[in-house]
Asks: 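I have a structure here, written as structure tokens, and I will follow up with some questions on it.
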Amino acid sequence: MLSEEERKEIEAECALYEHRRPATSEALKIVQRHRGWVSDEAVKDVAEILGASADEVESVATFYTLIFRQKVGRHVILICDSVSCYIMGYETLKEHLGRVLGIELGQTTSDGRFTLLPNACLGVCEQAPAMMIDEDVHGHLTPEKIPDILSRYA
Amino acid sequence: MPVVMDAYQKLLEQARQAVAEKGESGKAVIQVGSATCENAAGAREVLQEFRKHIAASGRSDIAVRQTGCTGRCSREPIVNVMLPGRLPVKYDRVDRDAVHEIFTKHVMGGEPVAERILDAHRHAPPRIEAMFCAGIRCGRAQHLDFAGLFRQLLAEAGVQGEAVNVIEANCFGLCRTQEMGNATHLLLRPSNVIYRITCEADVRDIVNVHIKGGKVVERLLTTENAPIGKRFFQLYGDVPFFNRQSRIALRNSGIIDPESILEYLTYSGFEAMAMVLDRNDRQWVIDEVTRSKLRGRGGAGYPTGSKWKLGANAAGPVKYIICNADEGDPGAYMDRSMLEGDPFSVLEGMVIGAFAIGASRGFLYIRAEYPMAIKRIELAITQMRKYGLLGENILGSGFSFDLEIRLGAGAFVCGEETALINSIEGNRGQPEIRPPYPTDAGLWGKPTVINNVETFANVPVVIIYGAEWFSSIGTEKSGGTKVFSLTGKVAHTGLVEVPMGTTLREVVFGIGGGVSGGKALKAVQTGGPAGGVLPAEWIDTIVDFDTLMKAGSIMGSGGMIVMDEDDCMVDIARFYMTFSQDESCGKCTPCREGCTRMVEILDRITTGLGTMEDLGKLERLGKMIKKASLCGLGRAAPNPVLSTLLHFRKEYEAHVLEKRCPSNRCKALAKGAAAPAAH
């Protein structure tokens, strides 16, 4: 069940348009902001509020890589695998990060602290290779810098 | 409509007062960059550290201010120390220790810390800096070589070389009201006056009266309004990376406080919007933009004026305008920097566009990966509403317009305009077949004009400085400048804005400082995954929509990635193809299946399993995908492969025939790796 607050925020979004449908992706993001991810049940609930079918909402949810349909860790690491990062050492960084966290791309650490995901471009190519943790961008990365950066996220 | 100008003047007066009350003039000002890139490099800690130092010093005549990013990205965080009456000094890679040293020695003691100054090659700044405009028009007057004469006269007058530094800078943008080619402009810092020089006697007067006597030579002062580049050159003109650029779209980035509408107002902000609403003539706006030869900066290069005309002529009372800020090209981040560093310029351009086509509602579609840009735009919209620059009856003109932000959620294809419309409508962000074009039937079936961030940022300049001036910069068919994000194996990565028609050589070597680490240039990639790779021999190609396309690449949105001898062109082609395959929305078969097949073939080649037939297959498949795909993403996806096949066929052949990667990049082909087994 969606919380009262979630419903209220979704309704506010719906009010911006003549129809309710345009609020779909925003509604999913609202749910994600509150719970970290979007469960099957939440998809159904959102569909009900918007007067759409669950399939319609699901088709939107699965289209966007930043709407998470699986549970993620407390912090999401987006590692940039774009071209500038690629030629400036992305692969070494990815392997190192994977080793330190004990996970591969798309996985979450067993303590639920980090989820590691690739991103098509973070737009900080001048500081390649780069990654974003939650809303913080970290650039000019080298394996040596990783432990200190990770330690800032509990 | 005098009412509009009255309202604008009132607002401007209010802004001037507020800025004066903030009282930075006469104070020592410490300017710290604040943008995603600056913060990633540690700018927030630097700012806090300066605040602590100021508090501890107990002085009230020291101020700190924040700006966006100037684009000297590889040296961030950058701090600019401006003491009254002295040259501004920029420090690079500033950290805690540097803050302490800069504060105690420079801010408090008045002595710049020479070894920390940006690109100054460890020299202390001179007393005066003389910047000669070496733009093409001013440059023509230099058959007299005023800069050389100036140097000679200084020496004769016994002025030490360390005291006065002479620089030849790119165009300040003063040429608009001046006869072509018979004068040269000179900016003297820190007094920040601009002289117009036409003869030897003028140069003598400047040396004797200004440099030696410390007085302004009134008769030589330019009478025109301050040129667009003045503030930029005042602050950054001593740095070669900056003084070879022409800042138009980025005119305020790194100069103004992006969170202050009042400060923007005092930088000619909303002047263009007021002019347009005052004139109240849509056709005039469209004509100006058309004559300026401004073309869409998102990559396709469609003339902005023509697009607005289509939007204006489309039938129906409801129309929309959209700013496409879904910057997703790998290697491109100009739009992020503009949104973070100068959000009001973009929004002002958007309001002007909305007026021109008759839209009362707009959307700014921005990717979710840019949290700081989103925050700055939100703040800018709120402030514009507060001052009546958005909403009902803007500036009393009777024109009403408001806009909302829509966030992407991680889908590259949404930068394609029909996909973007689908995404705003709440559907999967998949492209549609055109026609109908959005200008006929776009958002919710209504006529919709979609322009890119950088395009909008240029619009106020076209209005204020005029179409003629704007079109005089650039090439015959493309007016103005282009901002590039210069990245990869280049000494100075960062944002580079140059007139259309500048050579790749000037961008990569002149401004970018050449290939990093002393390696040889192999190629320059432009246009992202839709673009191509130009080999080193093509370095004298000029950047412009048409020439780059002829050379087998495209200008694209502005990514420019420098590659050296260590980069394998087959591997790079495989990288881009994998990107396009990942980001293909899957709606049409040629793109969905074709990209997958091409990646498979490239995987074979880079692991030593390729055959010569594969090269032909790649070409055939590539051409087919280009012809048959539904949207621009698919139609351009094979370009990196086709252009590398064209320019670097030998590298493909080495992988196939000799099972060797000439750049030693492909791991499976590295010396000592197990020989590839055939299936």
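We use all heavy atoms of the structure for the numbers below, so side chains are in, but hydrogens, waters and symmetry mates are not. Chain A is the first sequence line, chain B the second, and so forth, proteins listed ahead of strands; every chain is numbered from 1.
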Asks: What part of B:D329 is in contact with chain A, defined as an atom under 4.5 angstrom from a non-hydrogen atom: side chain, backbone, both or neither?
Replies: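 Contact with chain A: backbone only.
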Asks: Say you draw a straight line from CD of B:E38 to CD of A:Q127; how long is it, rounded to the nearest 0.5 Å?
Replies: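 Going from CD on B:E38 over to CD on A:Q127, the span is 8.5 Å.
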Asks: Does atom NZ of A:K44 have more than 12 heavy-atom neighbours from other groups under 6.0 Å away?
Replies: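 At most 12 heavy atoms, drawn from other residues, nucleotides or ligands, come within 6.0 Å of this atom.
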Asks: Given that the side chain runs from C-beta out, which part of B:N427 has a heavy atom under 4.5 Å from chain A: side chain, backbone, both or neither?
Replies: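 Both the backbone and the side chain of B:N427 come within 4.5 Å of chain A.
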Asks: Between B:R428 and chain A, with a heavy-atom cut-off of 4.5 Å, which part of the residue counts as in contact: side chain, backbone, both or neither?
Replies: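 Looking at B:R428, backbone and side chain both touch chain A.
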Asks: Quick check with a 6.0 Å cut-off and a 45 degree axis cone: is B:R665 positioned over the face of A:Y86's six-membered ring?
Replies: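 Yes, a cation-pi geometry.
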Asks: Is B:L407 close to chain A through its backbone or its side chain, or both, or neither, when contacts mean heavy atoms under 4.5 Å?
Replies: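 Answer is both: backbone and side chain atoms of B:L407 are under 4.5 Å from chain A.
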Asks: Pick one of side chain, backbone, both or neither for B:S337, based on which atoms fall under 4.5 Å of a heavy atom in chain A.
Replies: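 B:S337 has no heavy atom closer than 4.5 Å to chain A.
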Asks: Tell me, for B:F575 versus chain A, whether the close heavy atoms (under 4.5 Å) come from the side chain, the backbone, both or neither.
Replies: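 Just its side chain gets close to chain A.
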Asks: What part of A:A120 is in contact with chain B, defined as an atom under 4.5 angstrom from a non-hydrogen atom: side chain, backbone, both or neither?
Replies: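 Looking at A:A120, backbone and side chain both touch chain B.
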Asks: Can you tell me which portion of B:A332 sits under 4.5 Å from chain A's heavy atoms? Options are side chain, backbone, both or neither.
Replies: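 For B:A332, the contact with chain A is made by the backbone alone.
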Asks: At a heavy-atom separation under 4.5 Å, does B:R44 approach chain A through its side chain, its backbone, both, or neither?
Replies: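 Just its side chain gets close to chain A.
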